[in-house]
Amino acid sequence: LNILVNSSYRAVITDFGSARIRPNVAPGGRENPLVNDGGAEGWTSPEVKFNLSTRELTLTGPRYSLRWTAPDVLAGAEQDLPSDMWAIGWICWEMVTGKIPFEELKKDTAIVIGAIKGNLPAIREDVDLSHVLKLCNLIMGVFGSELNTLFKPSAPPSGYATGRQKTRSAHLLVQLGQMYHDQDNWSEAMGCFQSAEDVATRTRDEVMKGHTLNRVGHLYHLQGRRSEAEQALIAAHDVHSRSGSDQDVAQDLRDLGEVYRVQSKNSEAEKAFMKAYEMFSRAGQIRGAAQALRSLGEIYRACSMNQEAETALMKASELYSGVGDDQGTADVLNGLGHMYRAQSKYGEAEKAWMEASEIYTRIGNHLGAANALNGLGQIYRVQSKHGEAEKALINAHEIHTRIGNQTGAANALDGLGQIYRVQSKHGEAEKAWMEAHEIHTRIGNHLGAANALDGLGRIYLAQSKHGEAEKALMEAHEIHTRIGNHWGAANALNGLGHIYRAQSKHGEAEKALMEAHEIHTRIGSQTGAANALNGLGEIYRAQSKQGEAEKAFMQAHEIYTCIGNHLGAVNALNGLGNTYVAQSRHREAEKAFNDAYNILPLVGNPVTRGNTFRSLGRLHQNQCRYDEAEVSYRQALAAYDRADDAESKSSTLLTLGQLYHAQDRYLEAEEAVSEALGIWISLGNEEGQADAYLLLADIFKSQSKHAEVMAALIQAEATLARTGQDALHAATLHRLGNIHAEQGMSVEAEEYYRHAQAIFLSIEDACGEARELLGLGVLCGRQGRYGEAEECLAQARVAFAMVADEDGEAKALDNLMIAYVKQRKFGDAKVVCMEVCELYAQRGQPMSTLCAQVWEVLQRREENPLGSLLARFSES
């Protein structure tokens, strides 16, 4: 067998020294017009033909090259397809190594003995073959002992029908369909499979019909047509149950289980995989049994049945290793990596993915290696090993891009977006997710596009771009819902809950998180359900609904503990501890934080470690144990530094500044808060900047630095106007109004109060609106605008009464009393004075000094209506 290279650099076969002339009689005794006449059966004499038009020379005959000859031919057997495949195997060897067969042997006798004894090259140990081990599998295949069965057609050609119409073999149609399938030409593949089914039905070949139905079902599954896939695979199972082998039935069950799995029909999937495993084992099909176990492990993992998942996957790994299936072993290790990650067993996950990556690389499976690197990147991320995570994901992205796997490249970009987000590299994160979204959208990967939108929503939230964040997550939720991805839809709702919480839209946040919890619970996603409960706990805590918050955090902690999610358990305990702190239940809070601290060694996440120390510091601060609080905050800062978490570090510096302020350590307080402000400015976090400016204003106020107070509040107000934090923005405007009023700058003060009132009115905050009306009423009274003061104070009194703010109502009534007196509406003043006196009595408090003075004046006026005392009071 000679192979030359033509002028177009294409390899061409130019000589078959051992080619035979086929018999000229077709099956059934009819002459076959496609076979040349003139040849006898068996060997023919060598013949040379020269084609003038193509300038090609052809030699045919019984001669052959010894080094490429199969052992069975050397032993006297007739040459056939298996012996030709033996020669092709050696040609592959030459292509890769540049060596000829048995290059070290010089004598024909030695070559014959070497071939017959099977002294073949150690392919897996050859340096030249290390990067093409898949081709090695082909070479070893043609050297194998099962050649006669491996290459023997399972169905003979059907010959020629009347009118010279050829009936195509169902088996060959299936093979052709598989070729199209491997080329991702699914429409052509489906046509071949369906034609094969038609042929098998007409020829009553039940086994082949079952095979074709299986292929049709598999293709439907790849196209996301789950219902049709299920129907086809059930039909294949029924056909094979009647006429096929256990192996065929088991394969149908395994494929059917995969269809159930992606539809979250976990019970049906488990049953199918269990039955498939039993049948494969009974048939002695080790690889099939291992595949069924691997799929079963994935089902258990999806149901958070981690012990069962680990048992199934470890058993599958043993089976694969026993038959030398490196690909299967690596696939199982990949599944174990995902399972360990879900359990926060990051060391085991890292080890599994490292081993998987090594095997995939060794066998030349670039896709598998890239996927393992992607898993490693995720593991490094949750351990805050951001450098290692970024390196792994960049490598994964490079491999996926090189091999043309756009989905993989986009997934790696998604992982990079997450890495950049936790490092507060918002620009890089946004760029990565935007590129991932563009790729997923272009290739029609709706799930990937939705996940990228989810990431974009969270990065926008981190930048306080609440409008963009809500839009992205709403779109992600719509896509997940449309494609039936309940898990993704629930996660999008969870993100929306966080956005609404950041905007103090507690009602919308609670609704979104409740819906997310309901979906996760329904589909059996325990981690998702616990995450939603954790979010609800934070919402309730922000609304001072401490009872509901405690219940939510306790339920989340119970779930996390049950499924072995140590990271989640620590977060739930921290939330629970903070809830106890808000209720001054310090002993219970300390126990919760200590429990979280004891779990930390199992987590290995410095960010979570920092969060626990920060919560413990807040507890000590509330107990006035300032020295211990400072130590805890310093430990938190050290943890955040190790994790390179600038966002959390700045938040802790702000809290440390509050501690110093409470101790009147103003210089240290200024330094800590200024450092936090600098970090937030570098990160572009305007919410953090606003918090820092507000705290600086408090610190300056304690030192009577009025100019600095004004400057800090003006900066805070300008920042809050951009972040959409309406309630805090309005409260800051109120503070600016008070400062300007104190300095006699009435016009500016009124502008601030009215601006704040408009914001509170827009967000339906009746209590805030009442405070602005009170401020406006007092300001108008000081300016002698008593009619306007009366109107504002009367409205403020009603507003405070509606929200049951008795303190605010009393203040409004006190000032309304004065407005009436200034206008000499003594009757109205007396009525208001009696109302406010009754209000103070109901609260068990003495009447205010102002109320007492007005009451005394009104009493004297009744005794001496023409007296001058009232006039003097009125003037004062």
Side-chain angles (χ1 to χ4, degrees), residues 257 260-271 273 295-313 335-346 348-349 352 375 378-379 382 447 451 454 477 480-481 484-498 510 512-540 548-576 592 595-596 599 602-603 605 608:
Y260 288 140
R261 184 171 69 85
V262 297
Q263 297 180 88
S264 298
K265 297 180 178 179
N266 295 328
S267 177
E268 293 93 327
E270 179 185 3
K271 183 178 178 181
F273 289 138
S295 298
L296 191 61
E298 294 298 326
I299 283 293
Y300 289 141
R301 182 168 66 85
C303 297
S304 300
M305 298 168 65
N306 295 318
Q307 186 60 53
E308 293 86 341
E310 185 171 5
T311 300
L313 291 171
L336 283 168
H338 285 291
M339 187 198 69
Y340 289 138
R341 179 193 169 200
Q343 295 176 273
S344 304
K345 295 181 178 179
Y346 301 128
E348 293 92 328
Q378 299 300 332
I379 282 296
V382 296
L447 176 60
N451 289 336
D454 188 89
H477 177 259
H480 284 307
T481 302
N485 182 13
H486 305 299
W487 184 81
N491 284 340
L493 286 167
N494 194 65
L496 284 167
H498 289 295
E510 183 177 354
L513 289 166
M514 286 289 284
E515 188 175 349
H517 177 258
E518 187 275 327
I519 294 173
H520 279 306
T521 302
R522 188 176 71 244
I523 66 175
S525 173
Q526 293 178 280
T527 300
N531 290 341
L533 285 167
N534 220 38
L536 282 168
E538 295 295 343
I539 290 294
Y540 293 139
E548 291 93 326
E550 179 181 355
K551 182 179 178 182
F553 285 129
M554 288 189 74
Q555 289 178 337
H557 177 255
E558 182 180 352
I559 295 173
Y560 285 133
T561 302
C562 180
I563 64 178
N565 187 332
H566 304 303
L567 178 61
V570 171
N571 290 334
L573 284 168
N574 284 336
L576 192 59
D595 288 345
I599 300 174
L602 301 174
V603 176
N605 187 328
T608 304

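FYI, the numbering just counts along the sequence from 1. These values consider heavy atoms only, across backbone and side chains, with no hydrogens, waters or symmetry-generated copies.
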Colleague: Evaluate the side-chain proximity of N534 to F553: yes if any heavy-atom separation is below 4.5 Å, no if none is.
Modeller: yes
Colleague: Compute whether any side-chain donor of one residue and acceptor of the other, for E310 and Y340, lie under 3.5 angstrom apart.
Modeller: yes
Colleague: What's the shortest heavy-atom distance between A529 and T521, and which atoms?
Modeller: CB-OG1, 3.8 Å
Colleague: Where do A269 and G257 come nearest, in terms of heavy atoms and distance?
Modeller: CB-O, 3.5 Å
Colleague: Could you measure the distance from the NZ atom of K345 to the CE atom of M339? Nearest 0.5 Å is fine.
Modeller: 6.0 Å
Colleague: Would you say Y300 and E270 are linked by a side-chain donor-acceptor pair, where the criterion is simply a distance under 3.5 Å?
Modeller: yes
Colleague: What is the distance from atom NE2 of H477 to atom CG of N485, rounded to the nearest 0.5 Å?
Modeller: 10.5 Å
Colleague: To check you understand the geometry: which heavy-atom pair defines the closest contact between R301 and A309, and what is its length?
Modeller: N-CB, 3.7 Å
Colleague: Do H520 and N491 come within less than 4.5 Å of each other through their side chains, counting heavy atoms only?
Modeller: yes
Colleague: Before you tell me yes or no, could you show the steps for D595 and L576 under side chain to side chain contact (heavy atoms under 4.5 Å, CB included), namely the whole-Å CA-CA distance, both residues' side-chain angles and the distance that decides it to 0.1 Å?
Modeller: CA-CA 11 Å; D595 288 345; L576 192 59; over 6 Å; no
Colleague: Check this for me, if you would: do E268 and K271 make a salt bridge, where the nitrogen-to-carboxylate-oxygen distance has to be below 4.0 angstrom?
Modeller: no
Colleague: Please report the shortest heavy-atom distance between A516 and A490, naming the atom on each side.
Modeller: CB-O, 3.4 Å
Colleague: What is the distance from atom CG of L567 to atom OG1 of T527, rounded to the nearest 0.5 Å?
Modeller: 10.5 Å
Colleague: Looking only at non-hydrogen atoms, find the nearest pair between A569 and I599 and report the distance.
Modeller: CB-CD1, 4.3 Å
Colleague: What's the spacing between T561 OG1 and L573 CG if we round to 0.5 Å?
Modeller: 7.0 Å
Colleague: From H498 NE2 over to I539 CD1, what is the distance, rounded to the nearest 0.5 angstrom?
Modeller: 8.0 Å
Colleague: Quick one: does E510's side chain get under 4.5 Å of Y540's, heavy atoms only?
Modeller: yes
Colleague: When rounded to the nearest 0.5 angstrom, what distance separates CH2 in W487 from OG in S525?
Modeller: 7.0 Å
Colleague: Which heavy-atom pair separates E298 from G335 by the least distance, and what is that distance?
Modeller: OE2-CA, 3.4 Å
Colleague: If you draw a 6.0 Å radius around CD in E518, do more than 12 non-hydrogen atoms from other residues or ligands fall strictly inside?
Modeller: yes
